[in-house]
Structure formats: C-alpha cells, structure tokens
Amino acid sequence: MATLILVRHGRSTANTAGLLAGWTPGVALDERGAEQAAALPGRLAAVPLAAAVSSPLQRCRETLAPLLAARPELELHTDDRIGECHYGDWSNRKLSELSDEPLMKIVQQHPSAAAFPGGESMRAMQARAVDAVREWNARIEEEHGSDAVFLMCSHGDIIKSLVADALGMHLDLFQRIHVDPCSVTAVRYTPTRPFLLRLGDTGDFGSLAPRPEAPAPDPAAAGTADFESATEDGGNAVVGGGAGAA
C-alpha cells in the first residue's frame with residue numbers, strides 16, 4: 001500500500017501563547033511557523049507526492065501553502081477527519097489553567113477514557129483519523145499504485161494517535177509520543193502491517209540539548225512560562241502538541 005507522510009502544522013500563535021486552540025478560528029502560524037513552512041518544500045524536494053490532504057484549519061493550510069506554490073501540479077484535498085481534536089469547553093483556554101482540572105490526569109494517564117466537556121472523546125478522535133488514513137491509503141493506491149507517497153498535514157494529537165495505531169499501541173500509551181511543529185512522520189502501509197519510517201523528524205537536533213537554567217519568571221511573559229511548566233514538568237505530555245523548540 002501507499003506511504004503516508006504526516007506533517008504537523010508549523011508553530012502557531014496559540015502554541016506560543018500556551019493556549020489549547022482546538023478548532024478556534026483565526027489561529028495562524030507565528031513568525032517561526034511561517035519560516036518552518038517555507039522550509040518544507042526543500043525538505044521534501046526528493047519525494048514525489050501523489051496528493052496532499054489537509055486539516056481544514058488555518059494553521060495547516062498556511063503550512064502547506066509554500067509546498068503547493070512550489071508544486072502547482074499537486075492536488076490538495078481537505079478532510080475534516082484529520083482536523084484537531086474537538087476540545088469543547090477547553091478550547092482556547094490556557095494550558096496552565098487546565099493543568100489543575102481533574103480531567104487532565106485522565107488525559108495524561110488514561111486517554112482512552114477521556115472525553116472533553118462539550119467536545120469529543122480521544123477514542124473518537126483516533127477512530128476518525130485512522131478511518132481517514134485507511135480510506136486515503138486505498139484511494140491513493142488505486143489511483144497511483146502501491147508505491148505512491150502522499151502527504152497529510154494535521155495536528156499533534158492526531159498524528160500521535162495515528163502513530164500509536166501504526167505501532168499497535170493502545171491509545172493509553174500515545175502520550176509517550178512527541179511530534180514538534182512542522183515535523184515529518186512517515187508510515188509505510190502494507191497488506192500485513194504498517195512500518196514507522198520516520199517520527200517527528202525536523203532535521204534539527206538542537207531541542208535535544210540540555211536546556212539552560214531558566215531565569216526568574218517575567219510577569220509580562222507569564223503565558224509562555226506557564227505553558228512550559230504546565231506541560232513539561234512532572235513528565236506530562238503536551239496536550240494539543242505544544243510549541244516545541246523555538
């Protein structure tokens with residue numbers, strides 16, 4: 001079957017503000033995210049792409065814009081099923097505030113039991129994304145052959161859940177997976193099993209270096225500082241994907 005390249009959208013204004021964006025409209029790439037998107041055509045230059053499929057959200061469409069400009073022949077499709085998790089009442093709230101919610105412990109440790117108030121469950125999120133991949137795999141293979149490669153631009157939690165499915169991991173383990181903004185993850189599907197070829201590849205290993213000791217918090221930058229502490233201290237995973245390395 002086909003090979004799927006999963007691209008997480010570039011860093012967004014919500015990422016750097018420490019907000020759980022969800023489907024909140026008007027969330028765009030920030031300056032760093034735009035730079036990441038501009039570099040994407042060069043990173044994928046050697047890869048022939050049969051099609052591109054995007055989440056309908058603005059930050060994903062902006063991420064793919066430079067690639068589509070460089071490849072005007074590339075057909076773009078939009079699929080709501082690879083759109084961000086519907087976080088419901090949690091949408092557009094600060095992650096630093098949400099860290100104290102009792103549900104956050106379930107999201108971190110038992111996500112298969114987590115359902116967001118006014119939104120969807122994480123099981124439903126994974127199921128729709130996996131269904132989308134399976135259907136697109138079959139369509140791409142039928143139209144372009146079993147060696148075809150296609151791309152999907154989506155979101156952190158969606159990509160993590162697809163990787164968990166490809167690895168045969170229970171959803172309760174998917175918080176062990178991390179994908180940075182504009183990272184590339186590749187899965188080759190076969191009739192018997194998927195193969196994970198790349199995971200969260202940005203080509204930049206600077207984020208693996210030890211972090212310098214943080215200065216005393218600046219009240220003017222409290223949003224970003226709270227975001228870092230709320231999502232990384234104590235081994236918690238970043239809900240919504242996080243901002244990744246600057």
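Throughout, numbering of the chain's residues begins at 1 and tracks the sequence. Note that this is a predicted model, so its numbers are computed, not measured.
- The shortest heavy-atom contact between Ser161 and Phe174 is N-CD1, 3.6 Å.
- For the pair Asn92 and Tyr87, the minimum side-chain heavy-atom distance is 4.5 Å or more.
- Interatomic distance, Gln108 CD to Ser99 OG, rounded to the nearest 0.5 Å: 10.0 Å.
- The closest side-chain heavy-atom distance from Thr3 to Tyr189 is not below 4.5 Å.
- Of the charged side-chain nitrogens involved, none lies within less than 4.0 Å of a carboxylate oxygen, so that Arg139 and Glu135 do not count as a salt-bridged pair.
- Residues Thr63 and Cys182 meet the side-chain proximity criterion, which asks for heavy atoms closer than 4.5 Å.
- The distance from the CG atom of Asp147 to the CD atom of Glu141 is 9.0 Å, given to the nearest 0.5 Å.
- At a threshold of 4.5 Å between side-chain heavy atoms, the hydrophobic network of Ile, Leu, Val, Met, Phe, Trp and Tyr places Met104 and Phe116 in one connected group.
- Distance CG/Leu6 to CD1/Ile158: 10.5 Å, rounded to 0.5 Å.
- Put simply, Leu68 and Leu49 are part of the same group of oily side chains (I, L, V, M, F, W, Y) that touch within less than 4.5 Å, one to the next.
- Here the closest non-hydrogen pair linking Pro117 and Leu103 is CD-CD2, 3.7 Å.
- A side-chain donor from one of His155 and Ser55 sits under 3.5 Å from a side-chain acceptor of the other.
- Side-chain atoms of Glu84 do not come within 3.5 Å of backbone N or O of Trp23 as any donor-acceptor pair.
- Both Val130 and Leu4 are members of a single hydrophobic cluster when ILVMFWY side chains are connected at heavy-atom separations under 4.5 Å.
- Between Ala14 and Val27 the shortest heavy-atom distance is CB-CG1, 3.8 Å.
- Between Asp131 and Arg128 there is no salt bridge, since no side-chain nitrogen of the basic residue lies less than 4.0 Å from a carboxylate oxygen of the acidic one.
- Looking at Leu95 and Val239, their side chains come closer than 4.5 Å, going by heavy atoms from C-beta outward.
- A salt bridge links Glu35 with Arg32: at least one charged nitrogen is closer than 4.0 Å to a carboxylate oxygen.
- For the 3.5 Å distance criterion, the side chains of Arg61 and Ser54 fail to qualify, holding no donor opposite an acceptor.
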As a quick check of understanding, evaluate salt bridge (Lys or Arg N to Asp or Glu O under 4.0 Å) for Arg134 and Asp165, giving each step before the final call. CA-CA 11 Å; Arg134 294 287 190 268; Asp165 173 75; 3.1 Å; yes
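- Val163 is not connected to Leu151 by any chain of hydrophobic side-chain contacts under 4.5 Å among Ile, Leu, Val, Met, Phe, Trp and Tyr, and they are in different clusters.
- Taking the six-membered ring where tryptophan is involved, the planes of His77 and Trp136 are tilted, since the angle between them lies from 30° to 60°.
- Met1 approaches Asn137 most closely through the heavy-atom pair CE-CB, 3.5 Å.
- At a threshold of 4.5 Å between non-hydrogen side-chain atoms, the residues Arg8 and Ser154 do not count as touching.
- By the criterion of side-chain heavy atoms lying less than 4.5 angstrom apart, applied directly or through intervening Ile, Leu, Val, Met, Phe, Trp or Tyr residues, Leu76 is grouped together with Ile5 in one hydrophobic cluster.
- Here the closest heavy-atom approach between residue Gly22 and residue Leu57 is recorded as O-CD1, 3.7 Å.
- When all heavy atoms of Glu120 and Cys85 are compared, the closest pair comes out as OE2-CA, 3.5 Å.
- Asn15 contributes atom CG, which lies 5.5 Å from atom NE2 of His9 (distance to the nearest 0.5 angstrom).
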Do Thr202 and Ser183 pass the side-chain contact (heavy atoms from CB on, under 4.5 Å) test, and can you show the C-alpha distance, the side-chain angles, and the key distance before you say yes or no? CA-CA 5 Å; Thr202 63; Ser183 63; 3.6 Å; yes
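- The stretch residues 17-30 participates, sequence neighbours left out, in these salt bridge (charged side-chain N to carboxylate O under 4.0 Å, His left out) pairs: Arg11-Asp30.
- Heavy-atom contacts from other residues, nucleotides or ligands closer than 6.0 Å to CD of Glu101 number more than 12.
- Side chains of Thr185 and Val179 form a contact here, defined as non-hydrogen atoms less than 4.5 Å apart.
- A donor-acceptor pair is defined here as one N or O able to donate and one able to accept, closer than 3.5 Å; such a pair exists between the side chain of Gln175 and the backbone of Val107.
- In Arg43, the CZ atom is crowded: over 12 heavy atoms of neighbouring residues, nucleotides or ligands sit closer than 6.0 Å.
- Between Val7 and Met152, every side-chain heavy-atom pair lies at or beyond the 4.5 Å cut-off.
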Verify side-chain contact (heavy atoms from CB on, under 4.5 Å) between Asp157 and Met125, making sure each step is shown before the conclusion. CA-CA 9 Å; Asp157 282 347; Met125 173 200 75; 3.9 Å; yes
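- Counting non-hydrogen atoms of other residues, nucleotides and ligands closer than 6.0 Å to CZ of Arg188 gives a total of 12 or fewer.
- Side-chain atoms of Glu62 do not come within 3.5 Å of backbone N or O of Ala28 as any donor-acceptor pair.
- Put simply, the side chain of Ile106 does not reach to within 4.5 Å of the side chain of Met122, judged on heavy atoms.
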